[in-house]
Amino acid sequence: MLLHSPPSIPSVPDETARVARAAFPKGSPYLTLRDALGPMFANEDFGDLYAKRGQPGYPPWRLALVLLLQFREGLSDRQAAEAVRARIDWKYLLGLELTNAGFDHSVLSEFRSRLLAGSGEERLLKRVLDACRTQGLLKARGRQRTDSTHVLAAVRELNRLELVGETLRAALNAIATVAPAWLRTLAPPVWYERYSRRIEDFRLPKTPAGRETLAGEIGDDGYRLLAMLDAPGAPPGLASLPAIEALRTVWRRHFEMSSDPDAPPGSGRARLRPVSGRGSEDRLESPYDTDARYRSKNGKGWTGYMVHLSETCDDDTPHLIVHADTTAANVHEAMRTASIHAALAAKQTAPAIHLVDSAYISAAHLVAARETFAIDLVGPPRENLSWQQRQDGSFRAGDFQIDWEANRATCPRGKESQSWRAYQDEAGDPYIKIRFNPADCRVCEARAQCTRATGKGWGRNLRLRPRAEHEALVAARTRTEMDSERPLYALRQGVEGTLSQAVRVFGLRRARYRGAPKVHLQHVAIAAALNLDRIAAWLQGRPLAPARRSRFAALAA
């Protein structure tokens with residue numbers, strides 16, 4: 001389809017405006033948004049996603065708005081298309097005539113596919129933020145806060161036996177779609193009995209021996225299928241199918257060949273590897289969403305993703321989501337701090353003060369945020385777990401005087417260090433190791449407060465980060481103990497309410513789609529839809545979540 005657009009976005013038809021205002025005499029969020037911000041999108045925002053020749057498509061500026069309204073109200077594609085036809089407030093926001101019949105629901109799925117193919121999902125949030133910036137609702141270089149929550153993948157939880165069986169079944173289904181004749185000539189009859197239905201529909205063996213036997217049979221079948229795909233006569237392109245790549249990954253992770261290479265197929269050549277930890281990069285949890293990963297955090301385990309939301313928190317503007325970041329569940333928060341800052345800077349929405357919890361903070365993050373992005377990263381650093389830090393009266397690393405120019409440290413008892421050397425850890429990060437003279441430590445009266453090292457040649461050692469990181473970390477820890485700074489960090493807690501609203505009202509907890517790109521599109525659309533809700537509330541002067549008040553409590557007024 002080509003993009004056929006009128007020279008300008010049409011205004012709201014007179015009859016639509018008259019009926020809408022009669023239907024909503026006290027106002028409506030959608031009427032308020034159209035009157036204050038206009039349509040927010042333009043066809044030119046999505047022009048590169050459409051062909052230059054072909055049948056005219058439905059105006060993408062309207063589809064973008066419908067997509068946001070769909071996520072705001074938790075509607076399916078069919079329900080959203082029906083709302084375009086039937087609801088007067090939607091017609092007002094979209095600028096449609098009362099008699100407009102809308103579009104077929106499949107157009108929404110096609111529009112999402114265009115956004116994903118052209119990496120255009122971020123435009124949904126960007127254009128809403130641009131409209132807010134024009135109206136003075138988004139302040140430059142203000143305060144922001146970030147936090148994350150878990151997202152459940154749109155797949156069924158599988159145990160290990162179910163995973164390998166379902167992965168092989170998914171691979172056979174994919175081949176049957178592309179090369180049915182080739183598969184029909186090579187598939188043994190037992191495969192039709194074993195993989196004709198979902199693995200959870202079968203009655204699996206209850207004994208460990210029976211499960212082990214079935215796992216060996218499935219493993220043999222998988223190795224046999226992979227050998228068929230690698231044979232010279234296999235149809236081209238089958239080996240590159242996503243389901244086949246998933247099969248190779250799962251078999252590499254869970255199976256190994258027995259020591260008898262001459263054993264015939266089906267005689268137990270394949271066996272399960274010893275159980276290893278979940279959550280690693282090569283550990284697939286489902287053949288239907290190969291991007292989802294397992295993670296356990298604070299006693300909660302799930303398969304899916306993590307979403308990080310960053311929102312403004314200035315007092316004189318609405319609290320708007322400026323960035324949504326989606327990762328696999330096994331990606332730690334600390335791995336996303338720099339990426340979030342880079343994304344905010346690229347959008348020209350980088351804050352002056354960024355409030356986060358300890359999961360996002362390290363010494364390197366504090367320095368990089370300040371030097372690269374001019375961001376004051378505020379939050380409690382992770383605790384020092386040394387025994388000196390936990391025991392009162394002990395000499396902590398902060399009690400030592402560090403002379404960076406002279407490469408020397410002085411202990412609380414006035415003794416100077418014996419050596420100062422730079423090293424790198426296993427990850428390649430630099431650190432400094434400072435040693436004190438064992439002779440000084442052995443005779444020191446405060447030895448029990450300083451070190452528990454035993455042996456003739458051992459004294460107190462310090463391990464410090466490079467100077468910039470060390471000083472940033474010390475300053476951050478000092479900052480968290482200052483009473484004057486506590487009100488600032490207390491603002492961070494507000495983002496937890498945002499996450500709660502996004503989960504309870506906008507369906508953030510569960511992925512609608514499979515695959516990281518589609519899940520990220522969902523999160524960006526939810527962020528933009530949540531902004532629409534907050535902008536309307538701000539413009540109408542009403543609270544986002546009015547406090548419930550009983551009739552008895554109202555009598556006091």
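Remember, predicted model here, so these are calculated numbers, not experimental data.
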Separation between OG1 (Thr498) and CZ (Arg145), nearest 0.5 Å, reads 5.5 Å

Measuring from atom CD1 of Ile88 to atom OH of Tyr30, what distance do you get when rounded to the nearest 0.5 angstrom? 14.0 Å

Proximity of Tyr92 and Phe24 rings by center, below 6.0 Å: no

Should [X] and [Y] count as an ion pair when the cut-off is N to O under 4.0 Å?
X: Glu82; Y: Arg85; answer: yes
X: Glu285; Y: Arg293; answer: no
X: Glu481; Y: Arg477; answer: no
X: Arg123; Y: Asp45; answer: no
X: Glu166; Y: Arg156; answer: no
X: Asp483; Y: Arg486; answer: yes
X: Arg295; Y: Glu333; answer: yes

Taking all non-hydrogen atoms of both residues into account, name the closest pair between [X] and [Y] and its distance.
X: Leu94; Y: Arg34; result: C-NH1, 3.9 Å
X: Leu65; Y: Pro39; result: CD1-O, 3.5 Å
X: Pro430; Y: Pro466; result: O-CD, 3.5 Å

With a 4.5 Å limit on heavy-atom distance, are the side chains of His254 and Arg283 in contact? yes

Answer yes or no: is there a side-chain heavy-atom contact under 4.5 Å between Tyr305 and Val331? no

Out of the candidates Leu67, Val128, Asp130, only one should pair with Phe41 under the side chain to side chain contact (heavy atoms under 4.5 Å, CB included) rule; please name it. Val128

Side-chain (Asp289) to main-chain (Asp291) donor-acceptor, under 3.5 angstrom: yes

Mind telling me whether Tyr360 and His308 have parallel, tilted or perpendicular rings, with 30° and 60° as the class edges? perpendicular

